Colleague: 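If you scroll down you'll find the structure; I have some questions about it.
What you see below is based on every heavy atom in this structure, not just the backbone, and it leaves out hydrogens, waters and symmetry mates. Given the structure is predicted, the values throughout are model-derived calculations rather than measurements. Order of appearance sets the numbers: ligands from 1, and atoms from 1 within every ligand.
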Amino acid sequence: MNNIILQTIKKRRSTRVYTQQPLGETELKQILEAGVYAPSGMNYQTWHFTAIISGEKLHKLNELIRKAFAKSEEKKLQERGNNPDYCCYYHAPALVIVSNEPTQWWAPMDCACAIENMFLAATSLGVASCWINQLGQTCDDEEVRNYITSLGIPANHKVYGCVALGYADETVSPKEKILKDDTINIVR
Ligand SMILES: Cc1cc2nc3c(=O)[nH]c(=O)nc-3n(C[C@H](O)[C@H](O)[C@H](O)COP(=O)(O)O)c2cc1C
């Protein structure tokens with residue numbers, strides 16, 4: 001197969017072990033540009049992309065997410081919250097927070113399109129990535145919200161997903177990708 005897009009789609013995998021090599025700023029900007037080129041319902045483009053490349057700020061964000069989880073009624077979340085080693089972004093050197101106005105029902109779809117664009121752009125540039133959901137679950141916790149507001153996330157936005165970015169630790173091989181059967185039907 002020599003179609004570069006199809007090759008990139010198949011090559012993309014979720015990476016959960018990163019080296020500490022900082023993400024190149026040129027790569028980050030290209031990845032963000034791929035995000036804003038995604039389609040959006042009615043072309044509203046009401047989304048916002050907040051890229052954090054400060055290890056200190058990422059650590060602080062993770063601590064607040066952990067604190068929010070610790071308050072949860074759900075046992076699994078509580079366990080994460082009380083685990084000092086829990087890092088929702090896998091210590092990646094960069095995290096892009098994708099937020100949107102929740103007023104349109106398709107707001108999460110807009111964000112998902114942008115996120116997949118960023119994943120594919122990252123893959124094509126040799127940058128590893130992973131979808132990170134935990135800020136979506138906690139963005140309305142008071143302390144988390146105050147902090148993300150201080151990072152520039154619009155106060156009327158919800159977080160629909162985050163993209164961890166960095167360089168894969170090549171000593172860890174990705175799990176084999178096993179596709180479910182019978183998920184495609186062509187009706188003639
Ligand atoms: C909506 C969505 C949310 C996800 N949330 C997380 C997450 O919070 N943490 C994580 O490690 N992976 C997360 N993933 C990644 C999936 O686990 C991953 O895509 C799936 O296991 C298939 O593996 P692959 O991406 O390597 O093909 C998420 C993926 C999607 C689409």
Side-chain angles (χ1 to χ4, degrees), residues 1 5-20 23 31 34-35 38-41 47-52 58-59 61-70 72 74-83 85-100 102 104-141 144 148 153 157-184:
M1 185 182 44
I5 302 284
L6 296 178
Q7 280 172 12
T8 307
I9 287 171
K10 289 188 173 180
K11 195 170 161 201
R12 182 216 57 81
R13 297 301 310 279
S14 297
T15 296
R16 298 185 178 88
V17 188
Y18 293 88
T19 69
Q20 280 315 292
L23 178 64
I31 292 166
S40 68
W47 48 33
H48 194 80
F49 301 80
T50 308
I52 308 177
L58 285 171
H59 177 75
L61 181 62
N62 187 67
E63 287 304 288
L64 292 172
I65 290 172
R66 241 173 25 85
K67 212 169 157 190
F69 277 167
S72 164
E74 241 182 86
K75 195 163 169 281
K76 195 174 144 204
L77 295 185
Q78 267 176 27
E79 278 168 11
R80 287 179 174 178
N82 293 320
N83 175 2
D85 294 330
Y86 176 72
C87 180
C88 70
Y89 63 96
Y90 306 112
H91 303 285
L95 188 76
V96 179
I97 300 169
V98 185
S99 63
N100 205 349
Q104 306 302 333
W105 62 265
W106 58 78
M109 288 80 146
D110 289 352
C111 292
C113 285
I115 288 172
E116 179 68 357
N117 263 18
M118 289 192 280
F119 286 156
L120 295 178
T123 305
S124 77
L125 295 167
V127 173
S129 60
C130 189
W131 185 306
I132 306 297
N133 239 1
Q134 288 68 21
L135 187 57
Q137 290 162 280
T138 53
C139 68
D140 286 324
D141 171 87
V144 173
I148 64 174
I153 292 168
H157 275 202
K158 274 192 179 299
V159 174
Y160 289 104
C162 298
V163 177
L165 293 168
Y167 298 96
D169 180 340
E170 301 290 352
T171 62
V172 182
S173 27
K175 273 199 274 176
E176 192 193 350
K177 178 100 178 164
I178 299 168
L179 299 181
K180 281 196 179 173
D181 291 332
D182 297 328
T183 57
I184 297 177

Colleague: Using a 4.0 Å cut-off to any heavy atom of Gln134, which atoms of ligand 1 qualify?
Modeller: 8 (O)
Colleague: Record the part of Cys130 in heavy-atom contact with ligand 1 below 4.0 Å; permitted values are side chain, backbone, both and neither.
Modeller: side chain
Colleague: Any chance you could lay out the side-chain contact (heavy atoms from CB on, under 4.5 Å) test for Ile148 and Leu61, step after step, and finish with the verdict?
Modeller: CA-CA 8 Å; Ile148 64 174; Leu61 181 62; 3.8 Å; yes
Colleague: Starting from atom 6 (C) of ligand 1, which protein heavy atom do you reach first, and at what distance in Å?
Modeller: Trp131 O, 3.1 Å
Colleague: Return a yes/no value: protein heavy atom under 4.0 Å from atom 3 (C) of ligand 1?
Modeller: yes
Colleague: Taking Asp141 for the side chain and Ile65 for the main chain, is one N or O donor matched with an acceptor at less than 3.5 Å?
Modeller: no
Colleague: Could you find the nearest protein heavy atom to atom 25 (O) of ligand 1 and give me its residue, atom name and distance?
Modeller: Ser14 OG, 2.6 Å
Colleague: Under a 4.0 angstrom heavy-atom cut-off, which atoms of ligand 1 come close to Lys177?
Modeller: 22 (C), 24 (P), 27 (O)
Colleague: If the plane angle is over 60° it's perpendicular, under 30° parallel, otherwise tilted; pick one for His48 and His157.
Modeller: perpendicular
Colleague: Heavy-atom contacts with Arg13 under 4.0 Å: which atoms of ligand 1 show up? List them by number with element.
Modeller: 24 (P), 26 (O), 27 (O)
Colleague: Could you tell me if any non-hydrogen atom of Lys175 lies under 4.0 Å from any atom of ligand 1?
Modeller: no
Colleague: Under 3.5 Å, is there a donor-acceptor pair between the side chain of Asn83 and the main chain of Glu79?
Modeller: no
Colleague: Please round to the nearest 0.5 Å and tell me the distance separating atom OH of Tyr89 and atom CG of Leu165.
Modeller: 13.5 Å
Colleague: Could you walk me through whether Leu23 and Tyr167 satisfy the side-chain contact (heavy atoms from CB on, under 4.5 Å) test, starting with their C-alpha distance in whole Å, then the side-chain angles of each, then the deciding distance to 0.1 Å, before giving a yes or no?
Modeller: CA-CA 7 Å; Leu23 178 64; Tyr167 298 96; 3.8 Å; yes
Colleague: If you take all heavy atoms of Asn100 and Ala107, which pair is closest and at what distance?
Modeller: ND2-O, 3.4 Å
Colleague: What protein heavy atom is closest to atom 17 (O) of ligand 1, reported as residue, atom name and distance in Å?
Modeller: Arg16 NH2, 3.0 Å
Colleague: What protein heavy atom is closest to atom 8 (O) of ligand 1, reported as residue, atom name and distance in Å?
Modeller: Asn133 N, 3.0 Å
Colleague: Could you tell me whether Arg66 and Glu63 make a salt bridge, using a distance below 4.0 angstrom between a side-chain N and a carboxylate O?
Modeller: yes
Colleague: Please could you name the atoms of ligand 1 that Tyr90 approaches to less than 4.0 Å, counting only its heavy atoms?
Modeller: 9 (N), 10 (C), 11 (O)
